[in-house]
Amino acid sequence: MDEQWIQSVGIDVGTSTTKMIVSRLRLGRMSSTFSLPRYQIVERQLLYASPVHTTPLRGWDEIDADGIGAIMQREYEQAQISLGEIKSGAVIITGETASKKNAQHILHLLAEKSGDFVVATAGADLEGVLAGKGAGAEKRSVAIQGRIANVDIGGGTANAALFYRGKAVATVTFHVGGRLVRLSEQGEVQYVSPHIQAWMQAKGVSIAAGEQLTNERLRDFSTQMARSMLDYLSGRERSLSGLLVLGAPLPEGMTPDELSISGGVGQLMASPEPKTIREACRYGDFGPMLAYALKREREAGNYPVNWIDPEQTVRATVIGAGMQSTEISGSTVHIKPELLPLRNVPILKLELTEKQLSDPQQLCGEIENIYALGQRLFEKTTGSPFALALSGISYCSYALLQTIAEKLSQQYKQKFAESRIMIVICETDMAKALGQALALRCQGLPEIICIDQVRVEYGDYIDLGEPVSGSIIPVIVKTLAFDEAPQKGG
């Protein structure tokens, strides 16, 4: 197989809007005839983009599951695609919607009804990265000297991801979004999110349900929120503005050289200033005024950053989810197709040194330690409690491969006796040989899945799809947090 197309779907259920896209990914052979086969996604085509639907809710704290299901059913019909044709993609519930009380139920329901292989996740960090990819920030970071931040602002949160030389290096999420304050068409406050109360108090801002806002008050409120977010991102002030941060803060000194704004608010930045309270509240929230506040800061040049326009605005996240989240493993895999697909498998990483590899006793000790960590972190399961990623093996002789297989299988069978599947991810092209050596020793208890050519880190999760043409499998690596140090010079 020199090339093949697979179909991918992306579904984004946000606080304000729900979208779906269908795309095609072309898998192409990147290696010569005389070397081990290596495949990559070499082309991405957007086949179908749904309209932007208002996310159906029941009250303030419950997603309308039937409503979401009906939207998806119509969109699959419109896209003229069957679930069985989908081999990759992502379903994400984002922003404040992710905290709604039945969000997890909806997430898994959508994942089950969205094709053979669709990952389900709702992490704000991952959402920011996907939006950054969809908005073109990742690609642009390869071309510029410095870091670029894309901030995807929707109804409930603003998800920022910083990219440097084609790699996501940090993420941060803000309680910044149009629907944090909901308004009637006349400007009456109907809801104020509890997540911004501490920030409002510290800023001396008072807005409460039942109040009637003027256009001027709404503009002032929006300006203060926009400036707080920009103060934080630029590093100008992170104490008070940090009250808007959801989750982990940005590392000190991590600031962008370029900035793009995507999401629904990013799209509204192209609109003129709302002149009346009715214009400002036309979507039932303060999104149009927040967008104008950001636009004004951009035009005033108040921050030391180069503003750029994103490639995508309101569909950035869903395009990133559907088109950018798949990797391919396939040069020398050892798999049993009936065991796939597998979803949400956590990663444990075993980084070995030459000294450890040359001493069987040290190697045995390292494997014992990593398996003990696996026992502490993950519950017993008849499936696979984790996937073990092997790193640091630059050259593997036949004797070393047999030693590794012996130590890995022997201890796994002892410590995870209930597990039916053992997953190993190799950094170098040795998965087929190692998989065969492990299978020989395990004799089906457990079954062995051994893949390579996929980069993972400790703390990641992976989904393994069904084989394409019997020899390569799509893999989605879900990086939920970024805690690595920034690159030198970044």
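Since this is a predicted model, take the numbers as computed values, not measurements.
- Residues V245 and Y232 form a side-chain contact, since some pair of their non-hydrogen atoms from C-beta on lies under 4.5 Å apart.
- No hydrogens or angles considered: nothing links the side chains of Q78 and Q80 as a donor-acceptor pair under 3.5 Å.
- Side-chain contact between V454 and V456: present, with at least one pair of heavy atoms (C-beta onward) separated by less than 4.5 Å.
- Checking E138 against S141 by side-chain atom types alone, no donor-acceptor pair falls below 3.5 Å.
- Without hydrogens or angle criteria, R296 side chain to A293 main chain gives no donor-acceptor distance under 3.5 Å.
- Within a 6.0 Å sphere centred on CD of Q145, heavy atoms belonging to other residues, nucleotides or ligands number 12 at most.
- With hydrogens and angles ignored, the 3.5 Å screen pairs no side-chain donor or acceptor of K349 with any backbone N or O of L388.
- A distance of 8.0 Å separates CG of D64 from CG of L57, quoted to the nearest 0.5 Å.
- Here CD1 of I425 is found 12.5 Å from CG of L350. Values are rounded to the nearest 0.5 Å.
- Scanning for side chain to side chain contact (heavy atoms under 4.5 Å, CB included) contacts around N215 gives R219, I277, A280, M289, with sequence neighbours left out.
- Not a single donor-acceptor pair under 3.5 Å links the side chain of D152 to the backbone N or O of A131.
- No side-chain N or O of T382 forms a donor-acceptor pair with one of E418 less than 3.5 Å apart.
- Nearest heavy atoms, I261 versus P310: O-CG, 3.3 Å.
- Side chains of Y191 and V181 form no contact here, defined as non-hydrogen atoms less than 4.5 Å apart.
- Between P256 and I148 there is no side-chain heavy-atom pair separated by less than 4.5 Å.
- Checked against M225 for a side chain to side chain contact (heavy atoms under 4.5 Å, CB included), the options V205, L294, V176 give a single hit: V176.
- Other residues, nucleotides and ligands contribute at most 12 non-hydrogen atoms within 6.0 Å of the NZ atom of K139.
- Proximity of R238 to L250: side-chain heavy atoms (C-beta onward) are separated by under 4.5 Å at one or more points.
- Q197 contributes no side-chain N or O that, together with a main-chain N or O of P194, makes up a donor-acceptor pair within less than 3.5 Å.
- Between the side chains of K19 and T17, a donor-acceptor pair is found at a separation under 3.5 Å.
- Remark: the backbone N or O of Q186 is paired with a side-chain donor or acceptor of Q212 at under 3.5 angstrom.
- Of all the heavy atoms in P385 and P346, the pair that sits closest is O-CG, 3.3 Å.
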Full working for side-chain hydrogen bond (donor to acceptor under 3.5 Å, both in side chains) between Q45 and E43: CA-CA 7 Å; Q45 292 182 354; E43 187 177 349; 3.0 Å; yes

Salt bridge (charged side-chain N to carboxylate O under 4.0 Å, His left out) between K203 and D220, worked out: CA-CA 12 Å; K203 294 286 287 184; D220 180 63; over 6 Å; no

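- Counting non-hydrogen atoms of other residues, nucleotides and ligands closer than 6.0 Å to CD of E237 gives a total above 12.
- Separating the CD1 atom in I319 from the OG atom in S8 is a distance of 11.5 Å, to the nearest 0.5 Å.
- Counting non-hydrogen atoms of neighbouring residues, nucleotides and ligands closer than 6.0 angstrom, the CD atom of E62 exceeds 12 such neighbours.
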Check against side chain to side chain contact (heavy atoms under 4.5 Å, CB included), E127 and T171: CA-CA 10 Å; E127 182 193 351; T171 59; over 6 Å; no

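- When each of L46, D12, V52 is tested with R315 by the rule side chain to side chain contact (heavy atoms under 4.5 Å, CB included), just one qualifies, namely V52.
- A donor-acceptor distance shorter than 3.5 angstrom exists from the side chain of T214 to the backbone of R217, with no hydrogens or angles considered.
- Closest approach of A158 and V151 over heavy atoms only: CB-CG1, 3.8 Å.
- When side chains are defined from C-beta on, L230 does not count as touching N302, because their heavy atoms never get closer than 4.5 Å.
- Note that CG of L377 and CG of L348 are 6.5 Å apart. Values are rounded to the nearest 0.5 Å.
- A pairwise comparison of heavy atoms in K133 and F163 identifies N-CZ, 4.1 Å as the closest pair.
- Between F416 and F386, the distance from one ring center to the other falls under 6.0 angstrom.
- For the residue pair S260 / W307, no side-chain donor-acceptor distance below 3.5 Å is found, with atom types taken as modelled.
- Not counting sequence neighbours, the partners of A202 by the side chain to side chain contact (heavy atoms under 4.5 Å, CB included) test are L240, L243.
- For the atom pair F221 CZ and S206 OG, the distance stands at 10.5 Å (nearest 0.5 Å).
- For K295 (side chain) and L290 (main-chain N/O), no donor-acceptor pair under 3.5 Å exists by modelled atom type.
- Counting only distance, with no hydrogens or angles, the side chain of R147 and the backbone of T255 share a donor-acceptor pair below 3.5 Å.
- Judged purely by atom type and a 3.5 angstrom limit, Q201 has no side-chain atom pairing as donor or acceptor with the backbone of A198.
- Looking at every heavy atom in both residues, E279 comes nearest to R282 through O-NH1, 2.8 Å.
- V318 and G10 get closest at one heavy-atom pair: CG2-O, 3.2 Å.
- Considering only heavy atoms from C-beta on, R24 stays 4.5 Å or farther from I6 through its side chain.
- Electrostatic pairing of R298 and D309 counts as a salt bridge here, judged by a charged N lying under 4.0 Å from a carboxylate O.
- Within the 4.5 Å cutoff, side-chain heavy atoms of L213 are placed close to those of I207.
- From Y48, atom OH reaches atom OG of S23 across 13.5 Å, with rounding to the nearest 0.5 Å.
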Verdict with supporting geometry, R182 and D285, salt bridge (charged side-chain N to carboxylate O under 4.0 Å, His left out): CA-CA 4 Å; R182 300 198 185 196; D285 56 43; over 6 Å; no

Check against side chain to side chain contact (heavy atoms under 4.5 Å, CB included), L25 and W5: CA-CA 6 Å; L25 309 178; W5 290 89; 5.7 Å; no

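- A side-chain N or O of T55 and one of T18 form a donor-acceptor pair less than 3.5 Å apart.
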